[in-house]
Novice: 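One structure follows; several queries about it will come next.
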Amino acid sequence: MPLGVLAAQNEPLTNFTCSLIGTYLAFARTKDSADGRLPSLAERYADRNDYVNRIRVAARAAQAQGFLLPEDAAVIVNAAAAVTIFDQKAPDGPPR
């Protein structure tokens, strides 16, 4: 390359398409509404505090293993604390 000519940076890939395909199976909220295949949310977690504490423990473990940065673990725990599913009694179905 001649002197005085700067090399251009590689352009970002703008035509790359990535699609994720999957399915969604919502947990039942109560034991009475569970179909027997999976435990309901009420069976999994005693309350919001139990849920948040379990998320906190899992996030700290992932951080200790090098899978999460401390600031990312904090975001995950804060998001868990903001979940409203324990505040409401709603019919079963996917979240809206």
Novice: For the pair F86 and Y51, name the ring-plane relationship: parallel under 30°, tilted 30 to 60°, perpendicular over 60°.
Specialist: tilted

Novice: Counting only heavy atoms not in R54, do more than 12 fall under 6.0 Å of its CZ?
Specialist: yes

Novice: Which heavy atom of A59 sits nearest to which heavy atom of L68, and what is that distance?
Specialist: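 Smallest heavy-atom distance, with atoms named: O-CD1, 3.8 Å.
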
Novice: Over all heavy atoms of both residues, which pair between V77 and V52 is shortest? Give the atoms and the distance, please.
Specialist: CG1-CG1, 4.3 Å

Novice: How many angstroms lie between atom CG of N78 and atom CD1 of I55, to the nearest 0.5 angstrom?
Specialist: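 Interatomic distance, N78 CG to I55 CD1, rounded to 0.5 Å: 12.0 Å.
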
Novice: With sequence neighbours excluded, tell me which residues meet side-chain hydrogen bond (donor to acceptor under 3.5 Å, both in side chains) with N53.
Specialist: R56

Novice: Could you state the interatomic distance from CD (Q63) to CD1 (I76), rounded to the nearest 0.5 Å?
Specialist: 10.0 Å

Novice: Using the ring-ring contact (aromatic ring centres under 6.0 Å, His included) rule, collect all pairs that involve residues 53-75, keeping only residues at least two apart or in two chains.
Specialist: none

Novice: Keeping R48 on the side-chain end and V83 on the backbone end, is there a donor-acceptor pair under 3.5 Å?
Specialist: yes

Novice: Can any side-chain N or O of Q65 pair as donor or acceptor with the backbone N or O of A62 at less than 3.5 Å?
Specialist: no

